[in-house]
Amino acid sequence: MIKVTINSEVIEIEGGKRISDLTKDNRYFAARVNGALVDLSTEITEDCAIEFIDFSKDEGKKIYWHSSSHVMAMAVKQLFPDAKLAIGPAIDQGFYYDFDTKKPFSPEDLTRIENRMKQLIEQDIPFQRVSMKRQAAISLFEKKDEPYKVNLIEDIEDTDISLYQNGDFTDLCRGPHLPSTGYVKNFKLLNLAGAYWRGDINQPMLSRIYGIAFPDAAELNDYLKKIEEAKKRDHRKLGVELELFSIFQEAGAGLVYWHPKGATLRRIIEEYWMKEHLEAGYQINTTPHIARGHLWHQSGHYDFYKENMYLLPVENEEYVLKPMNCPGHILIYKSRVRSYRELPLKYAELGTVYRNELSGTLHGLLRVRGLTIDDAHIFCTPEQIEDELVKVLDLARKFMNQFGFYDFRVELSVRDPNEKAKYLGTDEDWERAEKGLIAALARVGVEYRRMEGEAVFYGPKIDIKLVDALGRPWQATTVQFDFNLPGRFDIEYMDKDGKHKQVVVIHRAIYGSLERFIGCLIEHYAGSFPLWLAPVQVVIMPITDKENRYAEQILKRCRKQGLRAELNNRSEKINYRIREVEVSKVPYMLILGQREVVDKNVSVRKHKEGNLGQMTLKEFFALLKSEQGGEN
């Protein structure tokens, strides 16, 4: 008999039973057995703890969407037998699958694929896991003329390869999956895109189909409404319409050119960052954009990150266009002997770095090649770890609240305890760092998800994801321990007994990168920024040329109050100009006609609300002050 623990209840079963035999609840479609995700068809062969998985769990969503991508691939192969299978993962919201086709799919093709998927779902075809030796799997996909699958298997070091079959359809996959195609209830294929194989412009262009699926029809309908709203909020579209930024292909993909309004928005964000960091005891430094190659060999970046680095020949020596700010901060720290009395020492920099991202992965402001990270490195003693982490988390929460984010998702990424060889540092290092992170999260009252195996190789980390107005998560704050650089650079401090001790290094970024954070802000606010963030806060519009002189006086008084104000006295009719400014999402307009000139006041219009009536300029300034409140 085998002992099985389910929700703290221990039962005894005969060996050989499948996990599916232990539940009649059809909401469940996978399970976690002793911490590992498996199919419900898995046989129970030893004492274990079982947690059933449904769509409410993040891992459940991933399984549901991944299985949906397989159903879509089945439909494509039936309708387009010559299509070659590439990859079809679950993503943060839904799934996609890449195919190599003779010609790109059309919108009409999507309708055909959806209809065939419905037929496959009605047939309720089981997902069956098959394990095959590596060479046998290669031979199988060579016979099926699936070169991309062969390419993927050749990169897998395992001797046993996991495959999943649905009838005569076979795919390379680790799983787990839904028990059958019939579990996919409500789905929609969303759009088409092109994508290079492995994101490399030198590789074939593939046809990508995006989709979404939910067990509940109401969830699907709600998601589709959000998708329509998300299209309106797309930062790439609004960035152009609001004249915030451009990415010029003739200048290079992934490189952002900030227009005056976008540069103003960026400056406001940087100035707030500077003010708060100085108040929090950080010291601001600036490091060069390039450094000698040996520095990156010493840091380890050359060994672990070379494919993402730009290498430059300088006087018969190799230099690197910096992908990180860390080594520069360390050199400044090591410029003289440091005493324990100086710790914690906190260096911060709005440092622009460059990363050789594959062109197929670039996406507006969210994935770029030139980015500015609000980096900081905290050099401290082991005893100071917890307090410094708490301060970072408190600062991060203050920042996010300031920008209108009150909902977060927090993840604690730790090493895989079964693969410790993949990580630097001793068990003692990792345990101390992990305990420090957990204690800090507890002190600030933050709930978190533990993500085993998601730590970077040099230490555990906390990731904070912002949840925007549409409920979408955006990666922002990261707090990381580093067991790599202190040893490689021999970073020390002199303790009170005069002994040299290795310092603890905490990496952290609040915004993450300014580019991604601004992209997030644009979509969160749909371009209608709060008053304190708006690049242009007030537009003054005389109705005719007769009010121009008064309008210029109002402009001067507004700017004297520190407002970002503009004058629009063009020759177009006033209603046209009002609509134009409304579309540009400026918070306030001041309309000036002869009545306003005579009465020495202004007529106020507010974005989205319309006419607020006449008031004195003093009353208008008071209105703006009350609206900004504690925002800035």
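In this text the structure is predicted, and so the values were computed from the model without any measurement.
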Residues Lys465, Asp92: salt bridge by 4.0 Å N-O rule
no

Atom pair OG (Ser513) and CG (Leu365), whose distance is rounded to the nearest 0.5 Å:
8.5 Å

Any donor-acceptor N/O pair, Arg134 side chain to Ile156 backbone, under 3.5 Å:
yes

Measure from NZ or CZ of Lys461 to the centre of the six-membered ring of Phe481 and say whether it is under 6.0 Å with the direction within 45° of the ring axis.
no

Any carboxylate oxygen within less than 4.0 angstrom of a Lys/Arg side-chain nitrogen, looking at Glu114 and Lys188?
yes

Considering the options Phe403, Phe399, Trp474, which one meets the ring pair (Phe, Tyr, Trp, His ring centres under 6.0 Å) requirement together with Phe517?
Phe403

Is a salt bridge present between Arg198 and Asp155, judged by a nitrogen-to-oxygen distance below 4.0 Å?
yes

Residue pairs involving residues 8-26 (criterion side chain to side chain donor-acceptor pair (under 3.5 Å); sequence neighbours excluded)
Asp25-Arg27

Glu122 (side chain) donor-acceptor with Asp124 (main chain) under 3.5 angstrom:
no

Could you go step by step and tell me if Glu383 and Thr381 meet the side-chain hydrogen bond (donor to acceptor under 3.5 Å, both in side chains) rule?
CA-CA 5 Å; Glu383 295 76 24; Thr381 67; 3.3 Å; yes

Under a 4.0 Å threshold between the charged nitrogen and the carboxylate oxygen, would Asp222 count as salt-bridged to Lys226?
yes

Residue list, side-chain contact (heavy atoms from CB on, under 4.5 Å) with Glu146, at least two apart or on another chain:
Lys77, Lys84, Leu85, Phe141, Lys144, Lys149

Taking Asp427 first and then Arg415, would you say they form a salt bridge - that is, a charged N and a carboxylate O separated by under 4.0 Å?
yes

Say whether, by atom type as modelled, one donor and one acceptor occur between the side chain of Ser131 and the main chain of Asp160 under 3.5 angstrom.
no

Inspect the contact between Arg450 and Glu434 and indicate whether a charged nitrogen and a carboxylate oxygen are less than 4.0 angstrom apart.
yes

Quick check against the 3.5 Å criterion: does Asn186 have a side-chain atom that pairs as donor or acceptor with the backbone of Pro215?
yes

Test side chain to side chain contact (heavy atoms under 4.5 Å, CB included) on Arg488 and Ser299; report intermediate values, then the result.
CA-CA 6 Å; Arg488 284 177 176 265; Ser299 71; 5.5 Å; no

side-chain hydrogen bond (donor to acceptor under 3.5 Å, both in side chains) between Arg208 and Tyr210: does it pass, once the steps are laid out?
CA-CA 7 Å; Arg208 176 172 294 181; Tyr210 285 97; 3.1 Å; yes

